[in-house]
Amino acid sequence: MIKIYNTLTRKKEIFKPIEKNKVKFYQCGPTVYWIQHIGNMRAMVLADLITRTFKYLNYDVKFVRNYTDVGHLTSDADAGEDKMEKAAKRDKLSPQQVAEKYIKIFENDVKELNVLEPNVKAKATDHIPDIIEMIQILIDKKFAYQTDLAIYFDISKAKNYTKLSRQNLEEQKHGAGSGEISDSQKKYPFDFALWFFKTGKYKNALQTWESAWGIGFPGWHIECSAISNKHLGKTFDIHMGGVEHISIHHTNEIAQSELANGVKFVNYWIHNEHLLINNKKMSKSEGNSYSLEEIKNKGFNPLSLRYFFLQAHYRSKQNFTWSAMKSAQNGLESLRNKIKALGNDYGKIDKKYQKKFVEKISDNFNFPQALAVTQELLKANLTDKDKLATILDFDKVLGLNLDKIHKEDKQVKLPKEVLSLMKQRETARQNKQWQKADEIRKEIEKRGYKMKDEKI
Ligand code: AMP
Ligand code: ZN
């Protein structure tokens with residue numbers, strides 16, 4: 001039984017999947033115009049921990065994450081310049097090259113943080129037909145209207161527009177940015193653009209597509225609705241994103257998806273809190289951000305950062321400091337040393353500790369407490385081999401590569417003689433001297449070691 005705090009109901013609820021033992025999960029991914037900072041990485045690691053929790057509890061997870069490579073303006077509302085185009089000018093590249101460049105860096109970073117590959121990584125520019133189709137439905141149903149500059153979603157048609165944010169629209173006015181884009185034909189300041197025409201301030205837009213209504217490019221919000229609809233269906237289980245998306249981005253996603261499809265969009269909304277620095281949100285525009293590269297350059301292992309993220313609940317803000325980073329690195333190092341000291345023998349998973357661990361991860365993904373159970377286990381009155389088996393089982397969720405240190409440990413302990421025989425056998429195999437290789441294998445086995453050839 002998994003309990004999730006659902007932003008939609010402001011309650012912790014028991015998770016009931018749409019299809020038995022399956023989870024359809026969408027996370028708003030990065031806008032690929034710059035190197036993602038470790039605040040963005042926190043969001044990615046938290047979604048990964050949640051995905052791993054479901055997998056550990058035997059759910060079949062379909063996890064979709066998008067890449068915003070068009071339409072995200074410098075304000076979350078319909079104002080400013082397209083972030084991709086701004087970056088293209090800065091880097092003297094085409095928007096496509098900008099996307100390619102930063103997707104590559106991002107994918108490398110998340111891999112180093114041991115984040116599992118999503119089932120679908122969806123670029124907005126690969127989904128233009130899906131986006132156009134959804135906008136057409138909204139136009140046909142009269143939930144959207146056209147002006148000379150754009151096609152807008154008519155929020156007066158969305159009965160429960162603020163059901164996620166629970167905000168008073170007037171209070172939200174400053175966020176909705178009714179200011180900068182002065183489209184006198186817009187009916188209501190909070191109506192948001194589904195499609196911008198290649199005209200006016202966007203007349204030189206670099207990424208545009210043909211549509212029945214005219215050449216242009218999609219707004220940012222429709223992208224997540226169309227992509228999730230295509231890969232997860234009209235209604236899916238979980239949608240995740242940063243808390244800053246509650247009032248505009250996710251509110252708009254719900255309104256347009258529910259009016260286009262006529263059914264509930266998402267059952268559980270999960271919002272992660274931010275990574276702070278000096279008690280302010282880490283953000284590129286504030287100039288207070290660090291990339292993973294910078295963390296590594298200071299001598300930190302990416303998995304130490306993952307360990308750092310494990311120490312705070314996803315609904316709590318987490319403050320980044322170098323000394324906290326140092327403690328996390330020491331914490332992980334000490335955990336690794338304790339595991340090394342357990343030896344190489346696997347025993348049985350201890351059911352009592354496993355139950356405790358499962359209780360923590362199922363209670364709204366309480367990873368800090370799950371980490372505490374790991375520490376408790378190490379101190380418990382159990383055999384070393386049972387501790388080892390249990391902790392490596394927990395690591396399927398924690399993702400700290402604890403099984404790898406065990407393998408490293410094994411290699412280090414091999415006698416020189418055996419290592420030399422292994423090398424000779426490898427050479428024989430490379431030279432296709434199969435008989436010789438087999439004889440060496442027997443020599444190794446005589447010394448009490450079994451060979452297993454694995455693809456590396
Ligand atoms: P962006 O590229 O700004 O659209 O952000 C991509 C993802 O990272 C979004 O889900 C954001 O909510 C998240 N994010 C951005 N800044 C932070 C931060 N300081 N802490 C945690 N998550 C963040
Ligand atoms: Zn989104």
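Position 1 is the first residue of the sequence, and the numbers go up from there. Just so we're clear, the structure is a prediction, and the values are computed from it rather than from any experiment. Just so you know, ligand 1 is whichever comes first in the structure, and atom 1 is the first atom listed for that ligand.
Ring to ring, His127 and His231 are close: their centroids are under 6.0 angstrom apart. When ring centroids are compared, Trp322 and Tyr290 come within the 6.0 Å threshold.
When you scan the N, O or S atoms of Glu253 for the one nearest the Zn ion (ligand 2), you land on OE2.
Checked by distance only, ligand 1 and Met282 come closer than 3.5 Å through their nitrogen or oxygen atoms. Checked against a 3.5 angstrom limit, the closest N/O atoms of Ser283 and ligand 1 fall outside it. Considering backbone and side-chain N/O atoms, Ala43 never comes within less than 3.5 Å of an N/O atom of ligand 1. Close N/O approach between Glu244 and ligand 1 is found [any backbone or side-chain N/O within under 3.5 Å]. Residue Pro30 has no N or O atom closer than 3.5 Å to an N or O atom of ligand 1.
Put simply, His221 stays out of reach of the Zn ion (ligand 2), with no N, O or S atom under 2.8 Å from it. Within the coordination shell of the Zn ion (ligand 2), defined by N, O or S atoms under 2.8 Å, Cys224 is present. Residue contact annotation: His250 places no N/O/S atom under 2.8 Å from the Zn ion (ligand 2).
Under the 4.0 Å criterion applied to side-chain N and carboxylate O atoms, Glu359 and Lys355 are assigned as salt-bridge partners. Here Asp154 pairs with Lys157 in a salt bridge; the nearest charged N to carboxylate O distance falls below 4.0 Å. Salt bridge annotation for Lys24-Glu19: present, with a cationic side-chain nitrogen under 4.0 angstrom from a carboxylate oxygen.
The only option from Leu402, Thr374, Asp403 that meets the side chain to side chain contact (heavy atoms under 4.5 Å, CB included) definition with Ile339 turns out to be Leu402.
When the heavy-atom distances from atom 5 (O) of ligand 1 to Thr68, Asn40, Asn272 are ranked, the shortest goes to Asn40.
Close contacts between ligand 1 and Cys28 involve ligand atoms 10 (O) [criterion: under 4.0 Å to a heavy atom]. Residue contact check: His37 has heavy atoms under 4.0 Å from atoms 16 (N), 17 (C), 19 (N) of ligand 1. Those atoms of ligand 1 that come under 4.0 Å of a heavy atom in Gly242, given as number and element, are 10 (O), 12 (O).
For the pair Lys62 and Phe25, the cation-pi criterion (under 6.0 Å, within 45° of the ring axis) is not fulfilled.
Between the side chains of Ser257 and Ser225, at least one donor N or O sits under 3.5 Å from an acceptor N or O.
Nearest non-hydrogen protein atom to atom 9 (C) of ligand 1 is His245 NE2, 3.8 Å. Closest to atom 2 (O) of ligand 1, if we only count protein heavy atoms, is Thr31 N, 3.1 Å. With respect to atom 20 (N) of ligand 1, the closest heavy atom belonging to the protein is Leu275 N, 2.8 Å. Annotation: atom 23 (C) of ligand 1 to nearest protein heavy atom, Gly39 O, 3.5 Å.
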Evaluate the side chain to side chain contact (heavy atoms under 4.5 Å, CB included) criterion for residues Ile151 and Phe197: first the C-alpha distance (whole Å), next the side-chain angles of each, then the deciding distance (0.1 Å), finally the verdict.
CA-CA 8 Å; Ile151 294 175; Phe197 291 119; 3.9 Å; yes

Please report the C-alpha distance between Ser291 and His37 in whole Å, then the side-chain angles of each, then the deciding distance to 0.1 Å, and finally whether the side chain to side chain donor-acceptor pair (under 3.5 Å) criterion is met.
CA-CA 4 Å; Ser291 65; His37 54 69; over 6 Å; no

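With Arg306 contributing its side chain and Asn114 its backbone, the two residues share a donor-acceptor pair below 3.5 Å.
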